[in-house]
Amino acid sequence: MQLPNIQQTLNTMNAVLLLLTVPLLAVTSQETCNLPPSEWCSSWETAKACQVEKQCLEFYNHVNTKKASSPAVQVELYYESLCGGCRNFIITQLYPTWLMLGDIMNITLVPYGNAMEKNDSGKWEFQCQHGPDECLGNMIEACLMYFLKNVDDYFTVIFCMEYSGNVSMIFETCLTAFNPALSSKQVRECASGDLGIKLMHQNALKTESLKPPHQYVPWIVLNGEHTDDIQNQAQNALFNLVCETYTGSKPGACSQKKEVIPLKRDLLCLK
Ligand SMILES: *[C@@H]1O[C@H](CO)[C@@H](O)[C@H](O)[C@H]1NC(C)=O
Ligand SMILES: *[C@@H]1O[C@H](CO)[C@@H](O)[C@H](O)[C@H]1NC(C)=O
Ligand SMILES: *[C@@H]1O[C@H](CO)[C@@H](O)[C@H](O)[C@H]1NC(C)=O
């Protein structure tokens, strides 16, 4: 079995990023996918342009045959915006799995990771493993989630940021491409002000209360539980793990096991 979903997602994202960096292309090509994922299956032409024909067929198959009947599989990701392993996990596992299995899984993203906070001046200040740029990336992502609330609205923006070279710099481009209704100024203000600090402090508390405490990121919690086994399975083939864990009748997509692309252990960011 090939991995059309992951490859196509990446192709699509490449197409979108290319589109944004080469504006002429946008004008000349009717075939380019420049719609948010929620609209990829809105017509066959769009599905083709976005290279997700197969996913759309599967999507309609399981929407038509069953409604999610059992509790969604809870997937929590503790991460930091510039850690290579976190970016890799989001790009190759979490986002593609969510595209396919979004209606049987519930994702919680907690950007903070191995950061530290201290209160010297009466305000929380944060120190991030990969420097101030990582703190800014974490903050922007926390603010995006705060304003957009619905994972359907923010996950693609965050994926787009994590997929690109410079997370904080590409932010406006990703927001404009996938959620132009939210003003980037509002998000920037949040990320540099008291609201951002408050959100990041909440993420700090959430991360610091993990049991067992995290030793590295990406740190994955499935249905409230973290074990080495869950972590390994999630890193290697989250798609299969979510299908296996879901207790309801499985969506059509689960009938094909996806090929495993293990995440390289050396990409993990140790605490
Ligand atoms: C999804 O997770 C959030 C916590 O992150 C929780 O508040 C919400 O109830 C969950 N939703 C479902 C449908 O499980
Ligand atoms: C920071 O510490 C000071 C002095 O201990 C305290 O009064 C203040 O409430 C703290 N601020 C925050 C944001 O926790
Ligand atoms: C990303 O962009 C920001 C803002 O332009 C810049 O300060 C930072 O150095 C860049 N980071 C990298 C890794 O290039």
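Every number for a ligand or one of its atoms is a count from 1 in the order of the listing.
I220 places a side-chain heavy atom less than 4.5 Å from the side chain of L77. Between F89 and T92, every side-chain heavy-atom pair lies at or beyond the 4.5 Å cut-off.
On a distance-only criterion, N119 and ligand 2 share at least one N/O pair closer than 3.5 Å. Polar contact with ligand 1: absent for K206 (N/O pair, distance under 3.5 Å).
Taking H130 as the reference, nothing meets the ring pair (Phe, Tyr, Trp, His ring centres under 6.0 Å) condition, with sequence neighbours excluded.
The protein reaches atom 14 (O) of ligand 2 closely, with a heavy atom under 4.0 angstrom from it. Under the 4.0 Å distance rule, the nearest protein heavy atom to atom 11 (N) of ligand 2 falls inside the cut-off. In this structure, atom 4 (C) of ligand 2 has its sub-4.0 angstrom surroundings free of protein heavy atoms.
Near Q74, the atoms of ligand 1 lying under 4.0 angstrom from a non-hydrogen atom of the residue are 1 (C), 2 (O), 10 (C), 12 (C), 14 (O). The atoms of ligand 3 that sit less than 4.0 Å from any heavy atom of M169 are 2 (O), 5 (O). Each of the following atoms of ligand 1 lies closer than 4.0 Å to a heavy atom of N106: 1 (C), 2 (O), 3 (C), 8 (C), 10 (C), 11 (N), 12 (C), 14 (O).
Here the two cysteines C86 and C269 have their SG atoms 2.5 angstrom or farther apart.
Among protein heavy atoms, atom 7 (O) of ligand 3 sits closest to D133 OD1, 4.4 Å. In terms of protein heavy-atom proximity, atom 6 (C) of ligand 3 is nearest to N166 ND2, 4.2 Å.
Hydrophobic clustering (side-chain heavy atoms under 4.5 Å, transitive across Ile, Leu, Val, Met, Phe, Trp, Tyr) groups L101 together with I230.
The backbone N or O of P218 lies less than 3.5 Å from a partner atom in the side chain of Q231, making a donor-acceptor pair.
Aromatic pair Y95/F155: centroids less than 6.0 angstrom apart.
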